[in-house]
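This report refers to the structure that appears directly beneath it.
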Amino acid sequence: MKRAFQVGLAVLLFGLALYPTMASGYGIRFMLQLFMWVALAQSWNLISGLTGYVSFGHVAFFGTGAYAAGILVTTHGWHWVPASLAGGVAAVILALLIGYPCLRLKGPYFAISMLGLNEVMRVLVSYFEGLTGGGSGLSFPTQPASVQIYYAMALSALAVTGAAYFIITSRFGLKFMTIREDEVAAEAMGIDTARYKLGAFVLSAFVPGVVGGLFARDTGYIEPISVFALIITITMIVMALFGGKGTVWGPVLGAVTLFVLQELVWARFLFFYQILFGAIIVVVVLLMPRGILGVLQQRYHLPRTI
Amino acid sequence: MNVVITPAMVGQVVISGLLAGALYSLVALGLALIFGVMRVINIAHGTILMLGAYTTFWSFHILGLNPYLSLLVSMPLMFLLGVLLQRTFVRRVVDAPELSSLLLTFGISIALVNMAQLAFTSDLRSVEFLTGAFLLGPFAFSKSRVISFAFAVTLSLFAFWFLQRTKLGKAIRATSQSREVAMVCGINVQRIHLYSFGIASALSAAGGSLVAVMVAIQPEMGQVYTFKSFLVIVLGGAGNYPGALLGGMLLGLVEQLSSLFLTTQVSEAVAYLLLVLVLLLRPTGLLGGRST
Amino acid sequence: MQTRPILEVSGVTKRFGGVTAVNRCSLSLARGKIYGLIGPNGSGKTTLFNCITGLERRDEGEVRFKGGRIDGLKPHQVARRGIGRTFQIIRVFPELTALENLLVVTQGPFEAARRRAEELLRFVTLDRLQNEYAGNLSYGQQKLLEFVRVLMTDPELILLDEPAAGVNPTLLNELLAAITGLRDQGKTILIVEHDMKVVMGLSETIFVLDYGEKIAEGPPGVIQADARVIEAYFGR
Ligand SMILES: Nc1ncnc2c1ncn2[C@@H]1O[C@H](COP(=O)(O)OP(=O)(O)OP(=O)(O)O)[C@@H](O)[C@H]1O
Ligand SMILES: [Mg+2]
């Protein structure tokens with residue numbers, strides 16, 4: 001069983017690596033966006049699925065990365081690859097700055113403080129017009145590079161899923177989960193919860209920053225309301241939740257399912273899009289809060305690592 | 001800086017702050033009620049405000065109803081919507097982790113906003129009712145703001161009286177102190193939840209009807225009010241209802257004062273910054289709420 | 001010359017608003033002994049535990065462990081110095097398996113930790129449930145799991161908050177034997193327990209709290225006869 005899974009995974013990765021050689025432009029852009037959502041949902045999973053600290057403003061890291069990379073590319077002439085990595089670093093710096101104070105907050109207070117952070121970031125970016133172009137946004141003058149971005153997005157998704165795998169399957173990762181399970185007991189058992197929380201938070205910020213940079217380069221244009229949009233946070237949360245938060249493959253499964261559904265089905269109903277999305281959220285929250293994998297796991301006693 | 005700030009300007013700003021603050025208090029009191037009683041942050045709170053504003057708009061536009069009289073329509077209507085939402089959805093997440101209630105109410109919110117877009121289009125609407133201003137020495141205050149202020153204060157005080165003095169109000173406060181104790185005392189907690197959500201929605205709708213004469217009405221206008229209301233209850237201390245009233249005034253003041261020195265955009269960020277700062281420095285609220 | 005006490009609590013006070021939960025309490029524990037801490041409900045036993053382990057910050061007084069001040073340290077720092085505790089209200093990690101509950105608190109070589117965890121689970125007869133989520137175990141089983149979880153970190157001082165409540169009689173005897181066994185290995189143990197037979201049987205010295213104050217201290221026989229203790233328990 002495990003063997004078959006590994007082989008299947010290897011074949012899949014191989015296929016995805018070759019995909020751009022035979023795909024249409026649309027196909028490539030479809031896939032790179034899919035990878036982006038996998039990376040985002042999985043990143044959210046690292047902080048919220050594992051430690052239970054619900055980040056309701058995770059898009060702040062995405063937007064910060066997008067703008068950091070955007071500024072480096074447009075005004076400093078950086079290549080988009082190092083610029084996107086720098087976007088990740090910028091997100092990590094932001095996470096370090098706000099993580100220490102905000103992670104002391106509990107429950108809904110942490111969630112809302114993150115929401116507030118995202119709003120502050122959006123306003124700040126709009127305000128410093130000289131640097132960011134303000135409300136009118138930032139345009140990239142360069143040529144499209146979908147294939148390269150395809151691989152970069154794929155690597156990002158792979159990296160964060162790999163990190164999730166490593167964390168969730170290790171004793172080290174269990175320590176993150178004790179925070180979600182019972183923070184007081186974890187402290188009393190000698191686990192430095194403040195450090196682990198901050199660690200998970202920083203880890204969960206890096207890839208969204210990188211992916212934000214890649215997204216900016218791919219779309220060629222960013223503006224504050226598009227890269228600091230609350231709906232992006234919600235989408236990553238719902239994807240992770242739908243597949244099963246706190247598991248390795250749940251966020252991947254959730255991101256793939258919902259993204260494909262979204263592109264193939266709802267995109268045709270643009271007018272009702274939010275009604276449908278709202279309905280999906282309600283259904284997921286009420287009927288399957290543990291997600292697909294969470295349910296399977298409980299029913300069949302599967303390990304967390306599937 | 002070549003802008004001179006005169007005492008008259010400060011006076012004007014302080015009073016404008018209080019005028020705006022009373023509305024925040026009114027709306028936030030609703031959110032505080034839901035949070036206090038169920039520990040749920042209702043992201044759809046501002047959405048209900050938006051629906052209240054549309055109720056006023058349409059009853060003014062079609063029936064020619066006085067916007068202030070339309071409170072008599074919007075409040076009961078949203079009370080019913082609130083009760084319905086609580087009965088069908090929110091009830092199920094009252095004891096779930098905060099993620100569930102945040103997401104659920106967010107889902108309800110975007111669905112309602114989308115419905116409003118379909119039904120009313122995204123055009124900006126306004127109720128041209130009271131224009132002009134009261135002049136008072138060096139100060140000028142738009143009539144609609146002053147009257148809305150009066151309504152907001154009256155309604156808030158009424159709600160407050162209701163919580164303090166009536167049997168239902170006392171039961172609501174008992175439930176927000178401790179659900180277990182309330183249950184032991186024979187209070188039907190499910191019913192209290194239902195009423196609280198209904199009353200909270202009616203308060204939010206009242207806020208919507210009152211802002212309808214002042215600001216542009218559009219389907220996405222509500223979100224800001226959800227956030228501001230949350231800020232207000234953080235300022236006042238969770239579960240502290242008088243705190244919500246004072247918190248609203250405080251927010252109005254801070255916003256207006258900061259708009260003296262900063263652009264409006266940034267003064268909005270100031271509100272959020274305030275939120276984060278207060279959460280960090282005084283997690284139980286400026287006026288002290290109950291600890292968890 | 002007598003060796004220095006392993007734990008010295010001197011003049012610790014903790015207030016919650018108007019309630020003084022612990023009032024100028026002083027205790028001194030010598031290494032390698034079992035102590036009991038008793039008192040009516042609400043007399044401040046759990047709060048005193050919390051002040052020792054850093055979960056609550058004491059308002060006054062000091063706590064020394066092996067001679068060093070530990071009041072003011074964070075709970076995990078206290079734990080790292082060698083104080084382990086269990087909770088009155090069970091605090092296992094419900095969505096980790098029984099085995100994971102034990103592994104997660106360890107450091108150092110993994111294999112050794114796993115062997116130790118399996119051994120301890122066998123000891124409390126939970127070995128067949130090692131891959132079950134802790135949240136699915138019965139109350140008594142969770143209690144036992146929490147007890148062995150403390151042992152995983154090999155603390156020198158162990159604070160047990162009502163370890164016997166809800167554990168079935170046959171297992172209880174083994175549990176008590178285990179506690180004496182720990183003492184024989186040189187550990188120091190402080191037990192809060194309402195079951196008088198259990199505390200009186202185990203402890204060499206008993207402290208009695210009433211309204212946050214220590215009203216008596218001594219061997220079980222003396223305590224049982226102490227007028228103030230009887231008054232505290234049977235009303236005044
Ligand atoms: N976090 C808190 N906030 C306010 N009061 C508290 C808090 N924790 C404890 N108290 C109060 O402190 C007093 C002592 O409580 P504590 O739990 O320490 O008693 P206890 O001796 O462990 O009782 P029991 O035998 O019932 O477990 C009680 O009056 C309790 O109400
Ligand atoms: Mg106790």
Legend entry - A:K175 (side chain) donor-acceptor with C:V105 (main chain) under 3.5 angstrom: no
Inset, instruction - Give me the contact list for residues 135-165 of chain C versus chain A, heavy atoms only, anything under 4.5 Å, ordered by residue number. - result: C:R149, C:V150, C:T153
Inset, instruction - Below 4.5 Å from any heavy atom of chain A, which atoms of C:V78 appear? Answer side chain, backbone, both or neither. - result: neither
Inset, instruction - Just give me the residue among C:A134, C:G54, C:G108 that pairs up with chain A most often, heavy atom to heavy atom, under 4.5 Å. - result: C:G108
Legend entry - Nearest atoms (heavy-atom pairs only) where A:R171 meets C:A113: NH1-CB, 3.9 Å
Inset, instruction - Using a cut-off of 6.0 Å, state whether more than 12 heavy atoms not belonging to C:K33 lie near its atom NZ. - result: no
Inset, instruction - Taking atom NZ of A:K106 as the centre, report whether more than 12 heavy atoms of other residues, nucleotides or ligands fall under 6.0 Å from it. - result: yes
Legend entry - Interface residues of residues 189-201 of chain A facing chain C - non-hydrogen atoms under 4.5 Å apart: A:M189, A:G190, A:I191, A:D192
Legend entry - Side chains of A:V184 and C:F87 in contact at under 4.5 Å (non-hydrogen atoms): yes
Legend entry - Interface moiety of C:Q77 toward chain A, non-hydrogen atoms closer than 4.5 Å: neither
Legend entry - Under 4.5 Å from a heavy atom of chain A, the part of C:T106 involved: both
Legend entry - Approximate separation, where rounding is to 0.5 Å, of A:D182 CG and C:I90 CD1: 11.5 Å
Legend entry - Qualifying residues under salt bridge (charged side-chain N to carboxylate O under 4.0 Å, His left out), relative to C:E132, sequence neighbours excluded: none
Inset, instruction - Grab the two heavy atoms, one from A:E181 and one from C:L96, that are nearest each other, plus how far apart they are. - result: OE1-N, 3.8 Å
Inset, instruction - Take A:M177 and C:F93, measure what side-chain contact (heavy atoms from CB on, under 4.5 Å) needs, and give me the verdict at the end. - result: CA-CA 9 Å; A:M177 287 181 238; C:F93 304 123; over 6 Å; no
Legend entry - Carboxylate-amine/guanidinium contact C:R91 A:E187, below 4.0 Å: no
Inset, instruction - Count the heavy atoms belonging to other residues, nucleotides or ligands that lie under 6.0 Å from CD1 of C:I89, then report whether that count exceeds 12. - result: no
Legend entry - For the student: nearest non-hydrogen atoms of A:A188 and C:A79, plus distance: O-CB, 3.3 Å
Legend entry - side chain to side chain donor-acceptor pair (under 3.5 Å) against C:N50, all qualifying residues, sequence neighbours excluded: C:R85
